[in-house]
Amino acid sequence: MTGPVTVPPVVDVHAHVVLPALQDYVAVCAPAEFAAAQELDARRQGAESLKISGAMIRDRWPRLVDLSRRLADMDAAGIDVQLVSPSPSHYYYFAGPELGAEIARRANTAVRDLVESAPGRLAGLGLAPLQDPGSMVAALEHAVQDCGLLGVEIGSYAPGVNRSPGQDPNAGTVELSDPGLEPFWARAEELGALVFLHPFGCSLDERLDRFYLANTVAQPAENAVALSHLIFSGVLDRYPKLRILAAHGGGYLPGTLGRSDHAWRVRPDAQGCADPPSSYLHRLWFDSLTHSPSELRALAAAAGADRILLGSDYPFDMGTEDPAGEVRAADLSAREEQGIFAGNAAALGIRPGLTNSGAAPALATEGHANDG
């Protein structure tokens, strides 16, 4: 007599949680900086988009803070496991070193507590203060070693902290190619930690304040810029075992690397990496959130379908409530689909529970209903 058919758990690697207590803490500790950041975000979005975004957040608030609603939505979408990360609005890269380190500790602890509430269904990522590279290793170690999370989420860049009036607007800006991040990359590689690259905000500011360009153009542009910094600077050569997962299918970069490869061939100043830039897509991972079957197929062709993991951007309106359906629409092979749904996450070490609490709780082997 044969037993039940084993179906690997379907894993969504791009899902967010809002941490109201953390936001309140930052607003009290740094009221002027918090208010300035809110004002900048409002200018970047523009009045019309800000109004619509506010209504969207109010409508989706239960999904961001209510665990029972989250689990019910996962069931409805055929998702067995969510890798939960803080909303990027919690980066608070305006914070100085002491506050930035405390923000990371509180975010890591809050995500840990959420995962502990549903250890068979959730895994978690914490935060690291990108604006203060000197504190990032400690934040990463706290997330992974103390809280049992799988890694941390970072933005595409961090603007300079506490710039003086009239100072160069780029003063103090931290890019992912900056030498100060070398200890962080080295420790992330050593720990086997996942680094989830998710932009928030864009240096183009008010140029994108209409038509929701602050999201539709800014997010994929920021992904492309940040990944290009990693590639061209040679970070991926120095740390070949880094586990970097890029949100939004890597943004604009995967489909436009011909120009980067050409620059690498003809420009000495673009030869900081050992190999053509396009070859590094095979050293990165991407979520499936492209909103386009043809773009997902192009990503699979450029990076390999084994480098793509299912992503929904739960529960925001720029995500999808049917991430598996969007993958199926790309008409990839059954093996490639199953890899995106489950196998690639398993290969990357993503599993439910906390890593420092012994073996992760077993998940029902038949999983939830999903024909992928």
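Here the structure is a predicted model, which means the values were calculated and not measured. Because only heavy atoms are used, hydrogens play no part in the values below, and waters and symmetry mates are left out as well, while side chains stay in.
Surrounding CZ of Arg335 are at most 12 heavy atoms belonging to other residues, nucleotides or ligands under 6.0 Å away. Counting non-hydrogen atoms of other residues, nucleotides and ligands closer than 6.0 Å to CZ of Arg43 gives a total above 12. More than 12 heavy atoms of other residues, nucleotides or ligands lie within 6.0 Å of CD in Gln145, so this atom counts as buried by the packing criterion.
With Asn344 contributing its side chain and Leu309 its backbone, the two residues share no donor-acceptor pair below 3.5 Å. Without hydrogens or angle criteria, Arg121 side chain to Asp80 main chain gives a donor-acceptor distance under 3.5 Å. The main-chain N or O of Met318 is found under 3.5 Å from a side-chain atom of His291 such that the two form a donor-acceptor pair. The backbone N or O of Leu348 sits less than 3.5 Å from a side-chain atom of Arg243, completing a donor-acceptor pair. A donor-acceptor pair is defined here as one N or O able to donate and one able to accept, closer than 3.5 Å; such a pair exists between the side chain of Ser279 and the backbone of Pro276. With hydrogens and angles ignored, the 3.5 Å screen pairs a side-chain donor or acceptor of Asp178 with a backbone N or O of Glu175. Looking only at distances, no side-chain donor or acceptor of Ser312 sits under 3.5 Å from a matching main-chain atom of Pro323. Asn108 contributes a side-chain N or O that, together with a main-chain N or O of Ala104, makes up a donor-acceptor pair within less than 3.5 Å. Looking only at distances, no side-chain donor or acceptor of Arg112 sits under 3.5 Å from a matching main-chain atom of Cys147. Using a distance-only test at 3.5 Å, with no hydrogens or angles considered, no donor-acceptor pair links the side chain of Asp12 to the main chain of Asp313.
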request  = Assess whether salt bridge (Lys or Arg N to Asp or Glu O under 4.0 Å) is satisfied between Arg283 and Asp237, documenting all intermediate values.
outcome  = CA-CA 10 Å; Arg283 307 188 196 185; Asp237 293 315; 3.3 Å; yes
key: Full working for side-chain hydrogen bond (donor to acceptor under 3.5 Å, both in side chains) between Tyr280 and His282   = CA-CA 5 Å; Tyr280 290 87; His282 300 281; over 6 Å; no
task = Evaluate the criterion side chain to side chain contact (heavy atoms under 4.5 Å, CB included) for residue pair Ile103 and His90; output intermediate values, then yes/no.
result = CA-CA 8 Å; Ile103 288 169; His90 291 312; 6.0 Å; no
request  = Give the intermediate values and the outcome of side chain to side chain contact (heavy atoms under 4.5 Å, CB included) for residues Leu140 and Val195.
outcome  = CA-CA 10 Å; Leu140 175 67; Val195 180; 5.6 Å; no
request  = Apply the test side-chain hydrogen bond (donor to acceptor under 3.5 Å, both in side chains) to residues Ser89 and Ser87: give CA-CA distance (whole Å), side-chain angles for both, the deciding distance (0.1 Å), then the verdict.
outcome  = CA-CA 5 Å; Ser89 60; Ser87 166; 2.8 Å; yes
inquiry  = Set out, in order, the CA-CA distance, both residues' side-chain angles and the distance that settles side chain to side chain contact (heavy atoms under 4.5 Å, CB included) for Val11 and Leu310, then state yes or no.
reply    = CA-CA 6 Å; Val11 181; Leu310 192 69; over 6 Å; no
ask   = What do the steps show when you test Asn215 against Leu208 for side chain to side chain contact (heavy atoms under 4.5 Å, CB included), and what is the final call?
value = CA-CA 8 Å; Asn215 186 295; Leu208 304 179; over 6 Å; no
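No close placement of the His198 and Phe200 rings is indicated, their centers lying 6.0 Å or farther apart.
Between Gln45 and Asp209 the shortest side-chain heavy-atom distance does not fall below 4.5 Å. No side-chain heavy atom of Tyr92 sits under 4.5 Å from any side-chain heavy atom of Cys29. The side-chain heavy atoms of Val152 and Met136, taken from C-beta on, include no pair separated by under 4.5 Å. You'll find the side chain of Phe94 reaches within 4.5 Å of the side chain of Val26, heavy atoms only. No side-chain heavy atom of Ser288 sits under 4.5 Å from any side-chain heavy atom of Glu326. With contacts defined as side-chain heavy-atom distances shorter than 4.5 Å, the pair Tyr157/Tyr93 does not qualify. You'll find the side chain of Leu299 stays beyond 4.5 Å of the side chain of Glu295, heavy atoms only. Looking at heavy atoms from C-beta onward, Leu122 lies in side-chain contact with Leu114 at the 4.5 angstrom threshold.
The pair Glu190-Lys241 does not count as a salt bridge, with every side-chain nitrogen at least 4.0 angstrom from each carboxylate oxygen. Electrostatic pairing of Arg187 and Glu141 counts as a salt bridge here, judged by a charged N lying under 4.0 Å from a carboxylate O. Look at Asp287 and Arg307 and you find no salt bridge, because none of the NZ, NE, NH1 or NH2 atoms lies under 4.0 Å from a carboxylate O.
Taking both residues in full, the closest heavy atoms of Val111 and Pro86 are given as CG2-CG, 3.9 Å, listed atom of the first, atom of the second, then distance. Residues Ala270 and Ala263 share a closest heavy-atom pair of CB-O, 3.7 Å. Minimum heavy-atom separation, Gly151 to Ala143: O-CB, 4.0 Å. Taking all atoms of both residues into account, the shortest heavy-atom contact from His14 to Gly311 is CB-CA, 3.9 Å.
Put simply, CD on Gln38 and CG on Leu50 are 9.0 Å apart, with the number rounded to the nearest 0.5 Å. One finds the OG atom of Ser233 at 5.5 Å from the CZ atom of Arg238 (value rounded to the nearest 0.5 Å). Residue Arg351 holds its CZ atom at 7.5 Å from OG1 of Thr355, rounded to the nearest 0.5 Å. Here CG of Leu150 is found 8.5 Å from CG of Leu354. Values are rounded to the nearest 0.5 Å. Distance CG/Leu194 to CD1/Ile244: 9.5 Å, rounded to 0.5 Å.
Using a 4.5 Å cut-off between side-chain heavy atoms of Ile, Leu, Val, Met, Phe, Trp and Tyr, with links allowed through other members, Ile231 and Leu197 fall into the same hydrophobic cluster. Ile52 and Ile57 are assigned to two separate hydrophobic clusters, defined by single-linkage of ILVMFWY side chains at heavy-atom distances under 4.5 Å. Cluster membership check: Leu149 shares its hydrophobic cluster with Trp185, using side-chain heavy-atom separations under 4.5 Å among Ile, Leu, Val, Met, Phe, Trp and Tyr. The hydrophobic cluster containing Val13 also contains Phe196, counting ILVMFWY residues as joined when their side-chain heavy atoms lie under 4.5 angstrom apart, directly or transitively. Cluster membership check: Leu289 does not share its hydrophobic cluster with Leu125, using side-chain heavy-atom separations under 4.5 Å among Ile, Leu, Val, Met, Phe, Trp and Tyr.
Stacking of Arg106 on the aromatic ring of Tyr25 is recorded, both the 6.0 Å distance cut-off and the 45° axial limit being met.
Using a 3.5 Å distance cut-off with no hydrogens or angles, the side chains of Ser294 and Ser292 do pair a donor with an acceptor. The closest side-chain donor-acceptor pair between Gln131 and Tyr91, if any, does not fall under 3.5 angstrom.
Judged as a side-chain hydrogen bond (donor to acceptor under 3.5 Å, both in side chains), the pairs with a partner in residues 248-257 (not counting sequence neighbours) are, in order, Asn223-His248.
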Could you pull out all donor-acceptor pairs under 3.5 Å where a side-chain atom in residues 63-72 meets a protein atom, sequence neighbours excluded?
unit_1 : atom_1 : unit_2 : atom_2 : d
Arg63  : NH1    : Glu321 : OE2    : 3.1
Asp66  : OD1    : Ser68  : N      : 2.9
Asp66  : OD1    : Ser68  : OG     : 2.6
Asp66  : OD1    : Arg69  : N      : 3.3
Arg69  : NE     : Asp73  : OD1    : 3.1
Arg69  : NE     : Asp73  : OD2    : 3.2
Arg70  : NH1    : His16  : O      : 3.2
Arg70  : NH1    : Gln82  : OE1    : 2.8
Arg70  : NH2    : His16  : O      : 2.7

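Annotation: side-chain contact (heavy atoms from CB on, under 4.5 Å) contacts of Gln271 (sequence neighbours excluded): Trp264.
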